[in-house]
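This report refers to the structure that appears directly beneath it.
Within every chain, numbering begins at 1; the chains are lettered A, B, ... in the order of the sequence lines, protein sequences first and strands thereafter.
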Number of protein chains: 2
Amino acid sequence: MASVQSRETTQTTTPRNRRGERARTIPEQIADHLGIAILNGEYKGGERISEQEVARLYASSRGPVREAIRALEKRGLVELFPRRGAWVVDITLDAIADIFNIRAVLLGLAARNVAARPDAPEAIAEMLSHCSGLRVQAARDDVDPVAFALAVGRTGGIMYRQCATPHLIRMLRDQNQGSLWGLIWRERPLDFFTAERRRETAQDWSDIAQAIAQRDGARAERVVRKALYDSRDGAMATLKVLRGETVDPAKFIRD
Amino acid sequence: MASVQSRETTQTTTPRNRRGERARTIPEQIADHLGIAILNGEYKGGERISEQEVARLYASSRGPVREAIRALEKRGLVELFPRRGAWVVDITLDAIADIFNIRAVLLGLAARNVAARPDAPEAIAEMLSHCSGLRVQAARDDVDPVAFALAVGRTGGIMYRQCATPHLIRMLRDQNQGSLWGLIWRERPLDFFTAERRRETAQDWSDIAQAIAQRDGARAERVVRKALYDSRDGAMATLKVLRGETVDPAKFIRD
DNA sequence: CATTGTAGAATTGTCGACATTCGACATTTG
DNA sequence: CAAATGTCGAATGTCGACAATTCTACAATG
């Protein structure tokens, strides 16, 4: 189990991590694998994570595991107490709703920043093309929700990578890979099950692209938020059925 | 130099880290000290940080230093490249403006969440009382900008600690201590130099508290953003004089 | 002259061992 | 009997050493 590429499997073809392209380090692999395990519920909320046990599990030592656990804390999946260890946070429906709300305001700010930049014509062109692709996908009735979610994510990525605010880009990118948001969005979509929702979302993103093209930052932000809030509500409805929990109505922010 | 409490200075009075209160670990101390050094410009942007050198400097070993450097990456002060090391990011005026903008949307979301919670009467009372204190301070003409900034920060803290979204609270708290925002706000205020700005800010926060008391989340968010944008512009004006740089006009988002 | 290839040096990644701390349980004391 | 104290086991924190990679300089070649 736990197929992390160990040290001694030194292949003749080196992993080709050329300048700039981040190599896939062992702590990263452990963090990803452990993170998905947490998100899959293999570790219950409140459970303690032992460094030694994880090290044994991945045939590694405690050093890389420590680093991986620190990374999971950064992603918000475990809580760390000095000299006491790491505990798995429990993923409530409220927390998931919060993630959507946070994503909404951050992505909204990114949209605003892109709209305020006069020097991003090729990004706008790329967005518009992606959005028409999105609409084409949405027009069909037999689209895989996972694939559609990925396409939507890519569209957002094209946008926020152009916002010229490194901090914000980093936050959004970190959220994408490995955190709660990443799982919700990529590995287990909770929305886009109906053709109507897919059409609606495709239309939203087209509106966003258009608003950016017209330099209307306020409108772009508004539509981004609306799109995310809609997805949040779709996800909440799904989860409510799946898990039978109730959600704090205060989380359902609008406009 | 670098007065980090080393391991061998085992005092007879143990640091009394009782249950829940986080102890001050050595990596944390190193990260804080190094972070402030970076923010003070003792490390130039683009400069490489050597683990061994830092370990020597703090009379520690490379393990804790590695952890400290990872923490600095989380705070956005260094950039990490696997197997290549850590580089200091350069702190441009654009980046500082970005931090204000990000803070504005996150704090705005927190305000909204507080306003949406019906069960926070004592927090609202505390906020209102703090805000009247703020107005009293602002009424005087000889207030220390640093003290005023701290008071404003406390008011915001009272608010967002009540927003009942752990992820958001964590993000805002982390930002407060040690990151770029923390320094800007606490150690080297860049706004609140004029009595007018202080009065304006005190009024803004009173408005925010009132909007929350009236459950008007949208208005609370609007005023939070306005307050932060005003501070951003004040800070930018100060920094433009101090450093003689220009700022990307696209950063000056409004409303 | 520019480019490529190759050593050597420096740095990061990993590992096992030891020191220290925390929590649980047993014991003692009022 | 309750509360405080002492002891013990297990986990985290720290350290030094080794392995692997990357960087730098320099030489060889077209």
Whole-Å distance between [N] [atom2] and [X] [atom1]?
X       : N      : atom1 : atom2 : value
A:Glu67 : C:dT14 : CD    : C1'   : 11 Å
A:Arg24 : D:dA20 : CZ    : C1'   : 20 Å
A:Arg56 : C:dC15 : CZ    : C1'   : 16 Å
B:Glu28 : D:dG13 : CD    : P     : 11 Å
A:Ile26 : D:dA20 : CD1   : C1'   : 11 Å

Name all residues meeting the side chain to side chain donor-acceptor pair (under 3.5 Å) criterion together with [X]; count only those two or more places apart in sequence or in a different chain, and write none if there are none.
X        : value
B:Asp144 : none
B:Arg66  : A:Glu67, B:Glu51
B:Tyr43  : none

Interface polar pairs with nucleotides 5-12 of chain C, N/O, under 3.5 angstrom:
| from | atom 1 | to | atom 2 | distance (Å) |
| --- | --- | --- | --- | --- |
| C:dT11 | O3' | B:Arg48 | NH2 | 3.3 |
| C:dT12 | OP1 | B:Ile49 | O | 3.4 |
| C:dT12 | OP2 | B:Glu51 | N | 3.4 |

Open item on the list: Tell me which pairs pass side-chain hydrogen bond (donor to acceptor under 3.5 Å, both in side chains) where either residue lies in residues 147-164 of chain B, with sequence neighbours left out.
Closed with: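 Listed once each, the pairs are B:Tyr160-B:Asn176.
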- [ ] Return each pair, listed once, that meets side-chain hydrogen bond (donor to acceptor under 3.5 Å, both in side chains) where at least one residue sits in residues 92-102 of chain A; pairs must be two or more places apart or across chains.
- [x]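 For residues 92-102 of chain A: A:Asp98-A:Lys251, A:Asn101-A:Arg232.
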Open item on the list: Quick one: does any side-chain atom of B:Asp248 pair with a main-chain N or O of B:Ala250 as donor and acceptor, under 3.5 Å?
Closed with: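 At least one qualifying donor-acceptor pair exists.
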Task: Any A:Ser60 side-chain nitrogen or oxygen under 4.0 Å from OP1 or OP2 of C:dC15 - done: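 Yes.
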